[in-house]
Trainee: 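Structure incoming, see below.
Both ligands and their constituent atoms are indexed starting at 1 by order of listing.
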Amino acid sequence: MSVLIKNGRIITATDDYVADIFIDDETVKFIGKNLLVNADKEIDATDKFVFPGGIDPHVHLDMPFMGTFSSDNYETGTRAALFGGTTMVIDFILQKQGNSLRAALEEWQGRSNSNCVGDYSFHMAVTDFNENTKKEIQEMIEKEGITSFKTFMAYKGALMIDDRQMMGLMQEVKKHGGLINVHATNGDMIDFLITKHKSEGQFSPLYHYLSQPEVTEAEASGRFADMANYTGCPGYIVHMTCEGALNAVRNATKRNQKIFAETCIQYLLLDASLYEKDFEGAKWVMSPPLREKKDQTNLWAGINQGLIQVVATDHCPFKWEQKLMGKDDFSKIPNGHPAIENRMELLFSEGVVKNKITLNKYVEVACTNPAKIFGMFPQKGTIAVGSDADIVIFDPKEKHTLSAKTHHMNVDYSGYEGWEVTGKVKTVLLRGQVAIENNQCHIEKGFGKFIKRKKVSQTI
Ligand code: URP
Ligand code: ZN
Ligand code: ZN
């Protein structure tokens, strides 16, 4: 089906102009003023913004974690993402310690294959780096198109690897043109503080926050940057929350190192006062935890200084009954929070409308940089001739209220209940197919395609 989008204000990471877009065969064919072409469908985008489809490179769908599964599966999660203007997500495969990466890939393919509504890819989380795992890295990159490897410096006893494994993995990933993403917090310090708080009889969600002070993140971020610098491996710090971690990245730049950093929408907008709401604070129990207002100021500045390149979500939803698993012990509350549907609208409303970031920066951090860093640009992440026609038509003026009553995520509360936002996703195209229109999803599960990614060394 061909589509002509007329008269929209097209915003990319670098441009801002009014034109028409003609789409055929899943890609953008022409862009120009007053295009004279016949199309199967015409969309009038006068007075609307036209953005590239959002890319959320940090989501956890149908993921086994802390004794349960995240509550959005590949169908509900990618559909909710589309409603919010995110056309592609990158999810995480978790290797089981003692098992191969291949076995983990097959397990995740079993849950995701034919179930995605939107496009997707995987990062491979290496939780057990050994001589066998080492042999699988090249194949993951070159055969499977999985070019980024997640590491956890925390979740001791479950997912955490030590620095020796990190060094070995970095060496191998660098050799084959990949990238390492890291959950950079000091797992031993956190483990110590969890035990200390529980031994003192402190079990409420507030103590989740107090068990992961800023120093745990600052220290691990600096250590990770040092190891990446030493091995020369490209590194990407996920879900950065605080001034101390940002300073670790800033320090790395002083020796001419480039470390990529991602923050998430919740760390820009929410703060740790939410943990004072007794057990209701469990809704925001995530790792790292929410921080202080001064950290929000630092993160916005980090985005504008180019030290933070990506705003993601770390979408990892759990229903209230799942959160109740930790009602008597904060360390048993499944960690994570829902946001896959809200990221693009919240970032526009709180970032662009409130003049914290420009329109071009908005597209850069929500669409273009994730595509570049993770090896998909220019197929994804921009509006250009030849790119996939992943397009969001956005009304910058429409106001609406976020609520669990109206969202499409499979979770019975919202971390943003009652938030008034300015700007609404109206129409979403995924590879030229109208996916969202008139508040309805028009594509089915199975439409979403697994996107094989290029070697990172080819796009950054
Ligand atoms: O609390 C979180 N972030 N849950 C998901 C797993 C992770 O650490 O990213
Ligand atoms: Zn994490
Ligand atoms: Zn995560």
Trainee: Would you say the side-chain atoms of Q212 pair up with the backbone N or O of M286, donor to acceptor, closer than 3.5 Å?
Mentor: no
Trainee: Give every protein N, O or S atom lying under 2.8 Å from the Zn ion (ligand 2), naming each by residue and atom.
Mentor: H183 ND1, H239 NE2
Trainee: Just by distance, no angles: are the side chains of S148 and N181 close enough, under 3.5 Å, to form a donor-acceptor pair?
Mentor: no
Trainee: Measure the NZ-CG distance between K156 and D162 for me, rounded to the nearest 0.5 Å.
Mentor: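 If we round to the nearest 0.5 Å, K156:NZ and D162:CG are 9.0 Å apart.
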Trainee: Give a rough value, rounded to 10 degrees, for the angle at the Zn ion (ligand 3) between atoms NE2 of H58 and NE2 of H60.
Mentor: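 H58 NE2 and H60 NE2 form an angle of 110° at the Zn ion (ligand 3).
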Trainee: I'd like to check the side-chain hydrogen bond (donor to acceptor under 3.5 Å, both in side chains) partners of N247; sequence neighbours left out, ordered by chain and number.
Mentor: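 In terms of side-chain hydrogen bond (donor to acceptor under 3.5 Å, both in side chains), with neighbours along the sequence ignored, N247 is linked to R250.
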Trainee: Listed by chain and number, what are the salt bridge (Lys or Arg N to Asp or Glu O under 4.0 Å) partners of E107, not counting sequence neighbours?
Mentor: K96, R111
Trainee: For ligand 1, what are the residues with a heavy-atom contact below 4.0 Å?
Mentor: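 If the criterion is a heavy atom under 4.0 Å, then ligand 1 touches H58, H60, F65, Y155, H183, H239, M286, S287, D314, C316, N335, G336.
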Trainee: Honestly, is R79 close enough over F447, meaning NZ or CZ under 6.0 Å from the six-membered ring centre and within 45° of the axis?
Mentor: no
Trainee: How many angstroms lie between atom CD1 of I308 and atom CZ of F260, to the nearest 0.5 angstrom?
Mentor: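 Answer for the CD1-CZ pair, I308 versus F260, is 14.0 Å.
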Trainee: Can a salt bridge be assigned to the pair K293 and D271 using a cut-off of 4.0 Å between side-chain N and carboxylate O?
Mentor: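 Salt bridge flag = yes for D271 with K293.
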Trainee: Is the cationic atom of K323 (NZ for Lys, CZ for Arg) positioned less than 6.0 Å from the six-membered ring centroid of F318 and within 45 degrees of its normal?
Mentor: no
Trainee: Side chains of T68 and Q322: any donor to acceptor distance under 3.5 Å?
Mentor: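 The criterion, which ignores hydrogens and geometry beyond distance, is satisfied for T68 and Q322.
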